[in-house]
S.K.: 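First the structure, then my questions, so here it is.
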Amino acid sequence: MAKELIVVKGRVIEQNRSFTAEVGEDIGYELGAKMVKRWHAENPDDVIASFTGRNIIESILAQPGCTGIRFFNAINDLGVKQLVLVGADKNGNNIFEYTTVADNGEIIKHKGIVADRNTLCPPSCGDDGPLTLSWG
């Protein structure tokens, strides 16, 4: 995968410059815990996590040409932080609409899936409580 240097908050970081299904990797428990704890320490009154169900994720990925999901930070009508999920294609374009061909040859336009209504933690963090607390 091609790499690129970008500037985020005044720091230069390297990231993959690709929109293929291979983007992303297992970073392991330790690094994940460190990152989550840092977020929570710097934002103690903010949303810790969002849960999105498998069905909507699979529906987004099943859209023609979809190679992954873009997660947008957003704020809902109540002023609460949310994630909005949108499929993206191999060129990094958001899938806001796509076409299919029916059995009779008719071209059908569909709206792309733009998902939200995730379950927020807190208050709904599962039986273990907030992730940051269970990551000792």
S.K.: Can you tell me how far the CD atom of Q63 sits from the CD1 atom of I95, to the nearest 0.5 Å?
M.R.: 5.5 Å

S.K.: Would you say D103 has more than 12 foreign heavy atoms packed within less than 6.0 Å of its CG?
M.R.: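 No, not enclosed.
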
S.K.: Could you walk me through whether V84 and N73 pass the side chain to side chain contact (heavy atoms under 4.5 Å, CB included) test, one step at a time?
M.R.: CA-CA 7 Å; V84 172; N73 291 314; over 6 Å; no

S.K.: How long is the straight-line distance from CD1 of I56 back to CG of D116, given to the nearest 0.5 Å?
M.R.: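 Atom-to-atom, D116:CG and I56:CD1 are 10.5 Å apart.
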
S.K.: Give a yes or no on this: more than 12 heavy atoms of other residues, nucleotides or ligands lie within 6.0 Å of atom CD1 of I107.
M.R.: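 Open: at most 12 neighbouring heavy atoms sit under 6.0 Å from CD1 of I107.
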
S.K.: For the atom pair SG (C66) and CG (N93), what is the distance rounded to the nearest 0.5 Å?
M.R.: 12.0 Å

S.K.: Decide yes or no on side chain to side chain contact (heavy atoms under 4.5 Å, CB included) for I108 and V101, but give the supporting numbers first.
M.R.: CA-CA 6 Å; I108 303 170; V101 179; over 6 Å; no

S.K.: State plainly whether one hydrophobic cluster holds both L83 and F51, where clusters connect Ile, Leu, Val, Met, Phe, Trp and Tyr through side-chain heavy atoms under 4.5 angstrom apart.
M.R.: no

S.K.: If I take atom OG1 from residue T67 and atom CD from residue E22, how far apart are they, to the nearest 0.5 angstrom?
M.R.: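 Output value for this atom pair is 9.0 Å.
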
S.K.: To the nearest 0.5 Å, how far apart are CG in L31 and CG in D26?
M.R.: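 Atom-to-atom, L31:CG and D26:CG are 10.0 Å apart.
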
S.K.: Do I113 and Y98 sit in one hydrophobic cluster, given that two such residues count as connected whenever their side-chain heavy atoms are within less than 4.5 Å of each other, even indirectly?
M.R.: no

S.K.: Starting from L61, can I reach F71 by hopping between I/L/V/M/F/W/Y residues whose side chains sit under 4.5 Å apart?
M.R.: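 In one cluster with F71: L61, yes.
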
S.K.: Any heavy-atom pair between the side chains of I75 and V80 that's under 4.5 Å?
M.R.: no

S.K.: Can any side-chain N or O of S124 pair as donor or acceptor with the backbone N or O of T119 at less than 3.5 Å?
M.R.: no

S.K.: Can you see which heavy atom on V23 is nearest to which on S18, and at what distance?
M.R.: CG2-O, 3.3 Å

S.K.: State plainly whether one hydrophobic cluster holds both W39 and I48, where clusters connect Ile, Leu, Val, Met, Phe, Trp and Tyr through side-chain heavy atoms under 4.5 angstrom apart.
M.R.: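 The answer is no; the residues belong to distinct hydrophobic clusters.
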
S.K.: Determine whether a donor-acceptor pair (N or O, by modelled atom type, separation under 3.5 Å) exists between the side chain of N43 and the backbone of D46.
M.R.: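 Side chain of N43 to backbone of D46, a donor-acceptor pair under 3.5 Å: no, none is there.
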
S.K.: In terms of heavy-atom contacts, does NZ of K90 have more than 12 from other residues, nucleotides or ligands at under 6.0 Å?
M.R.: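 No, because the 6.0 Å sphere around NZ of K90 holds 12 heavy atoms or fewer from other groups.
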
S.K.: Could you tell me whether the side chain of F96 reaches within less than 4.5 Å of the side chain of V114, counting heavy atoms only?
M.R.: yes

S.K.: So how far is it from T52 OG1 to I69 CD1, rounded to the nearest 0.5 Å?
M.R.: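 With rounding to 0.5 Å, OG1 (T52) is 8.5 Å from CD1 (I69).
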
S.K.: Side chain to side chain contact (heavy atoms under 4.5 Å, CB included) between R70 and F19: does it pass, once the steps are laid out?
M.R.: CA-CA 10 Å; R70 182 167 280 125; F19 300 100; 3.4 Å; yes

S.K.: Just wondering, do Q82 and L120 contact through their side chains at under 4.5 Å, heavy atoms?
M.R.: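 Yes. Closest side-chain heavy atoms under 4.5 Å.
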
S.K.: Do the side chains of M35 and I27 get nearer than 4.5 Å, heavy atoms only?
M.R.: yes

S.K.: Under 3.5 Å, is there a donor-acceptor pair linking the side chains of H110 and T100?
M.R.: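 On atom types as modelled, these side chains qualify, holding a pair under 3.5 Å.
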
S.K.: Return yes if some donor-acceptor pair links the side-chain N/O of N76 with the main-chain N/O of L78 below 3.5 Å, else return no.
M.R.: yes

